[in-house]
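Letters A, B, ... are given to chains in the order of the sequence lines, protein chains preceding strands, and every chain is numbered from 1. What you are looking at is a predicted structure, and each value in this text was computed from that prediction instead of being measured.
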Amino acid sequence: MNYFNLLLDRIKADLEGLQAAGILPAGLDFAAVALDPPKDPKHGDVSTNAAMVLAKAAGKPPREIATALAARLRSYSDTDGAEVAGPGFLNLRLKPSFWYARLSEALNAGDEYGRSTLGRGKGAVNVEYVSANPTGPMHVGHARGAVFGDALAALLEFTGHDVTREYYINDDGAQVDVLARSAYLRYREALGDRIGEIPSGLYPGEYLKDVGEGLVELYKQRFHNAPESEWMEPFREFAVAEMMGEIRDDLELLGVRHDVFTSERGLVAEGKVDKSLGGLRRKGLVYEGVLEPPKGKEPEDWEPRQQTLFKATQFGDDTDRPVQKSDGSWTYFATDIAYHADKIDRGFETLINVWGADHGGYVKRMEAAVKALSDGKVALDVQLCQLVKLMDRGQPVKMSKRAGTFVTLRDVVDAVGKDVVRFIMLTRRNDAQLEFDYAVVTEESKENPVFYVQYAHARCHSVLRKALEVMPGVDLSSSSLARVELQRLTHPDELALIKVLASWPRSVESAAEAHEPHRVAFWLRDLAAAFHALWNRGKEEEALRFLVDGDRSLTLARMALVRGCALGLAVGLRIMGVTPVEELR
RNA sequence: GCGCCCAUAGCUCAGUGGAUUAGAGCGUUGGCCUCCGAAGCCAAAGGUCGCAGGUUCGAGUCCUGCUGGGCGCGCCA
């Protein structure tokens with residue numbers, strides 16, 4: 001369990017004790033009392049602001065409250081000290097026995113270490129991610145959204161949320177018509193026509209040649225000289241299905257799987273757009289009107305125009321938004337309203353959308369729509385993923401769609417492997433740009449965080465293998481090691497490693513609450529660093545080597561530590577979708 | 001012009017819902033392999049947290065303005 005919660009419960013109980021003793025008045029609100037790791041480890045293991053946040057309501061100086069609380073907290077057998085510091089901080093020091101208990105918990109939990117019930121009872125969560133348009137293969141940028149969404153979903157599952165992973169197929173807009181026309185051209189090409197240059201406005205990619213050949217196989221000559229009205233539907237359907245097949249294959253390469261694929265076209269066909277907009281119209285939120293021109297610079301060809309609008313301004317957007325085109329078809333926003341209405345109807349209470357940063361301007365209107373549709377009951381969190389800058393030895397990789405030199409997701413995965421792509425994509429906050437350097441990520445050094453962490457994991461297993469050689473037949477399973485004499489672990493670096501390991505449950509919970517999976521990557525680096533440090537300590541002082549000749553109980557205690565570290569690394573890596581490796585060579 | 005995101009060490013970035021003396025990697029300098037994997041470790045140097053105000057007992061963290069960068073801005077998705 002998250003030991004901060006454990007200690008917080010203890011502190012609250014003691015605050016109640018102070019109330020009973022008449023030192024603090026009754027009726028205080030403890031909600032603001034927090035327990036945090038101090039920035040500076042010299043200040044102890046945990047620090048609470050209790051005295052400071054209660055001082056005003058209690059009518060006593062913070063240091064006085066802190067002193068009284070400290071006296072109580074010192075009495076616990078696993079507490080080494082409680083000091084009042086600064087304006088009224090209470091810094092707690094915990095005895096090794098406290099940390100042994102945490103290590104033991106980790107070992108007993110095994111692969112489930114850190115799993116939390118945080119999300120239990122909080123309602124179903126829908127994570128929509130990737131949702132790349134089915135008009136071509138996925139590129140590097142898509143990979144970031146895919147990995148981010150997938151890791152976030154895993155993180156939420158691990159912390160007890162009911163999660164659905166979803167992909168929205170944009171198969172209803174003008175661009176899939178363009179896809180169909182592009183496929184038609186390739187169809188004619190496959191039938192032997194000379195098509196020459198691909199006209200601008202159509203997709204030039206070579207990948208459509210297969211689609212053209214597939215169409216010939218299916219339809220032979222049937223649509224060779226047919227008008228667009230005849231082939232448009234079947235070609236669009238075929239091409240979209242082919243592209244979705246490609247995309248699914250690409251996602252599979254990355255180890256990304258969705259539970260639900262929702263088709264935009266399907267929503268329209270089922271009348272969900274009419275239904276959801278009808279609902280909004282009844283609430284008075286959809287109307288016929290004329291928009292003001294955008295503030296500031298007015299587009300040159302601006303003309304007032306009567307449109308069907310959604311009253312987004314009522315929910316915090318800058319302007320009302322059109323839902324219908326002049327030809328009567330729906331705007332993308334309209335179908336997106338229907339899509340979100342559908343998600344709400346399916347019972348989700350939290351919607352998370354992972355989008356590319358270029359959709360940032362769309363966030364407010366979608367938030368407005370979800371508020372309107374759910375009467376404010378459903379939360380929408382849009383996470384924007386910034387650009388991935390592909391580099392090679394510090395030089396940007398030139399990409400141009402026109403020149404056909406853009407780098408696909410498949411290229412990158414083929415070059416460096418799934419695990420590297422996944423890990424690197426999570427080494428930055430999603431809203432910061434990310435440099436992805438081919439040379440660095442394939443380097444086998446500390447500069448490469450994937451190898452750094454994997455190396456620590458491999459070293460753990462290397463020691464465990466060695467231990468088995470030295471002590472044949474010994475049971476090194478985590479459940480068995482949970483019961484060894486952990487009090488033999490006394491060196492500060494050993495305790496430091498346990499402390500990092502023990503911080504996992506809290507790190508996982510806070511990463512999940514903040515929707516920030518990159519924090520898992522940072523925690524893994526910290527744990528790996530603590531392990532590498534301890535390892536090297538054994539090179540300087542023989543007594544600190546993990547395997548100690550002639551001292552079986554000490555060796556076993558250290559195996560418990562190594563096993564705990566290994567399982568911590570493995571659990572974190574698995575949430576990121578990275579396979580922990582036991583050997584690097 | 002308007003809106004959103006970003007600005008922390010020479011470089012790339014963390015900073016756990018405001019709190020005690022701001023962290024890491026790379027790079028630089030100097031150390032550590034007869035020994036469980038040196039693909040690693042230790043130490044030193046390096047910061048007015050973009051600028052200016054404000055809220056607060058207390059701000060890298062919250063608010064306002066400015067500067068610089070990214071993205072977007074009526075029937076493209």
Novice: Dump every N/O contact between nucleotides 58-63 of chain B and the protein below 3.5 Å, one line per pair.
Specialist:
from	atom 1	to	atom 2	distance (Å)
G60(B)	O6	Lys39(A)	NZ	3.3

Novice: Whole Å only: how far is the CD atom of Gln386(A) from the P atom of C71(B)?
Specialist: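 Rounded to whole Å, this separation is 8 Å.
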Novice: Under 4.0 Å from OP1 or OP2 of A77(B): is there any side-chain N or O of Trp355(A) that close?
Specialist: no
Novice: Quick one: Leu464(A) CG to G37(B) P, roughly how many Å, whole number?
Specialist: 11 Å
Novice: Measure OH/Tyr452(A) against C1'/G37(B) and give the value in whole Å, please.
Specialist: 15 Å
Novice: What integer distance in Å separates Leu35(A):CG from U16(B):P?
Specialist: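 About 16 Å, once rounded to whole Å.
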Novice: Mind checking if Gly173(A) touches a base, just sugar-phosphate, or nothing, with heavy atoms under 4.0 Å?
Specialist: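 Sugar-phosphate, backbone atoms only, no base.
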Novice: Please state whether the base of G3(B) and the side chain of Asp318(A) form at least one donor-acceptor pair under 3.5 Å?
Specialist: no
Novice: Looking at Arg459(A), does any N or O in its side chain come under 4.0 Å of the phosphate oxygens OP1/OP2 on A38(B)?
Specialist: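 It does, given that an N or O in the side chain of Arg459(A) lies less than 4.0 Å from OP1 or OP2 of A38(B).
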Novice: Once you apply a heavy-atom cut-off of 4.0 Å, does Lys466(A) come out as touching a base, just sugar-phosphate, or nothing?
Specialist: sugar-phosphate
Novice: Arg537(A) near the nucleic acid: base, sugar-phosphate alone, or nothing, with a heavy-atom cut-off under 4.0 Å?
Specialist: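 Nothing, no heavy atom under 4.0 Å.
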Novice: Between U20(B) and Ser47(A), counting only base atoms on the nucleotide and side-chain atoms on the residue, is there a donor-acceptor pair under 3.5 Å?
Specialist: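 Indeed there is one.
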Novice: If you find the nucleotide of RNA chain B closest to Val46(A) and the one closest to Gly538(A), which residue's nucleotide is nearer the 5' end?
Specialist: Val46(A)
Novice: Is any side-chain N or O of His532(A) closer than 4.0 Å to OP1 or OP2 of C36(B)?
Specialist: no
Novice: Starting the side chain at C-beta, find the nucleotide from G40(B), A77(B), C41(B) nearest to Ala174(A).
Specialist: A77(B)
Novice: Under 4.0 Å between a side-chain N/O of Ser510(A) and OP1 or OP2 of U16(B), yes or no?
Specialist: no
Novice: Distance check: side-chain N/O of Arg429(A) vs OP1/OP2 of G15(B), anything under 4.0 Å?
Specialist: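 Yes, Arg429(A) has a side-chain N/O under 4.0 Å of OP1/OP2 on G15(B).
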Novice: Which part of the nucleic acid, if any, lies within contact of Arg428(A), taking any heavy atom under 4.0 Å across all strands shown: a base, the sugar-phosphate backbone alone, or nothing?
Specialist: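 Sugar-phosphate: the residue Arg428(A), judged by heavy atoms under 4.0 Å, touches backbone atoms but no base.
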Novice: Are Glu583(A) and Ser462(A) linked by a side-chain donor-acceptor pair shorter than 3.5 Å?
Specialist: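 The criterion, which ignores hydrogens and geometry beyond distance, is not satisfied for Ser462(A) and Glu583(A).
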Novice: Given the rule in the side-chain hydrogen bond (donor to acceptor under 3.5 Å, both in side chains) test, do Tyr339(A) and Glu166(A) qualify, once you have shown the distances and angles that lead to the verdict?
Specialist: CA-CA 12 Å; Tyr339(A) 176 43; Glu166(A) 184 144 338; 2.8 Å; yes
Novice: Just N and O in the side chain of Lys539(A): are any of them under 4.0 Å from OP1 or OP2 of A38(B)?
Specialist: yes
Novice: Map Asn170(A) and Arg519(A) onto RNA chain B by nearest heavy atom, then report which one ends up closer to the 5' terminus.
Specialist: Arg519(A)
Novice: Identify whether any heavy atom of Asn91(A) sits under 4.0 Å from a base atom; if not, whether one sits that close to sugar-phosphate; answer base, sugar-phosphate or nothing.
Specialist: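 Asn91(A): base contact, heavy atoms under 4.0 Å.
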Novice: Quick one: label Glu513(A) by what it contacts on the DNA or RNA (base, sugar-phosphate, nothing), any heavy atom closer than 4.0 Å.
Specialist: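 The residue Glu513(A) makes no contact with any strand.
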